[in-house]
Every structure is written in structure tokens, then in C-alpha cells.
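First up is the structure itself, then whatever we jot down about it.
Scope of the values below: all heavy atoms of this structure, side chains included, with no hydrogens, waters or symmetry mates. It should be emphasised that the depicted structure is a prediction, and the values quoted were computed from it without experimental measurement.
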Amino acid sequence: MSAQGQSVPDITWLMQVSADYLRDVIHAFNEQGFEALDPKWSGGRPRTIRSQVREHICLIARTSPPAGRSPRSRPGA
């Protein structure tokens with residue numbers, strides 16, 4: 001957009017970002033090319049459950065309910 005002659009205020013309004021952020025992106029793109037546009041993912045929040053517990057939860061979630069029971073029914077109902 002910048003290379004097409006659009007002004008920074010026009011691009012910031014269109015993309016809903018700050019002028020500082022847009023200038024940073026433009027400068028990074030000019031220095032690094034398309035590599036600058038790749039998202040920089042961080043590791044995120046550490047896991048709170050162990051892998052074994054997660055696998056067990058996934059197994060339960062993929063298991064069909066017993067015959068004759070609706071997935072939304074309560075036990076004993």
C-alpha cells in the first residue's frame with residue numbers, strides 16, 4: 001500500500017493500526033523483505049496438564065456414548 005503511494009494516515013485508518021506500528025512494519029519490510037511479515041509466535045503460556053492427562057481427555061472426547069444414552073442425558077436420568 002505504501003509502495004502504491006498511499007499515505008501513512010490512510011493506511012492506518014484502513015488497517016486500524018497506529019502510525020508507529022505501520023512505520024515499524026514498513027521499515028522492517030524494506031530491510032528484510034517478505035520475511036518481516038511472518039508472524040513471530042512465542043511459546044505462549046506453559047502447559048498446566050501433563051501429556052498423559054491430555055491424551056486421556058482426548059480419548060474420552062473421541063469415545064462414543066454407550067448405546068441407549070444420549071450425549072446430553074444425565075447419569076441415572
Side-chain angles (χ1 to χ4, degrees):
M1 298 168 109
S2 175
Q4 296 169 345
Q6 288 187 316
S7 68
V8 168
D10 289 343
I11 299 170
T12 58
W13 179 83
L14 180 67
M15 302 303 290
Q16 296 295 299
V17 296
S18 71
D20 288 336
Y21 174 76
L22 179 61
R23 285 187 184 96
D24 289 344
V25 171
I26 291 171
H27 289 296
F29 182 81
N30 289 339
E31 292 173 9
Q32 303 169 24
F34 284 103
E35 183 70 26
L37 302 179
D38 285 339
K40 310 296 185 277
W41 302 111
S42 63
R45 189 174 127 183
R47 292 183 182 249
T48 56
I49 61 172
R50 295 186 322 266
S51 294
Q52 288 177 321
V53 174
R54 184 180 187 285
E55 288 174 23
H56 186 68
I57 292 169
C58 291
L59 176 67
I60 292 170
R62 289 189 297 261
T63 303
S64 298
R69 284 206 38 211
S70 168
R72 295 186 179 258
S73 68
R74 293 176 297 170

Please output the side-chain donor-acceptor pairs of residues 13-21 that fall under 3.5 Å, not counting sequence neighbours, one pair per line with the distance.
unit_1: Q16; atom_1: NE2; unit_2: W13; atom_2: O; d: 2.6
unit_1: S18; atom_1: OG; unit_2: Y21; atom_2: N; d: 3.1

Compile the donor-acceptor pairs under 3.5 Å between side chains in residues 49-61 and protein atoms, sequence neighbours left out, one pair per line.
none

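With rounding to the nearest 0.5 angstrom, the OG1 atom of T12 is 8.5 Å from the CZ atom of R23.
Remark: D10 pairs with S7 by the side chain to side chain donor-acceptor pair (under 3.5 Å) rule, at least two apart or across chains.
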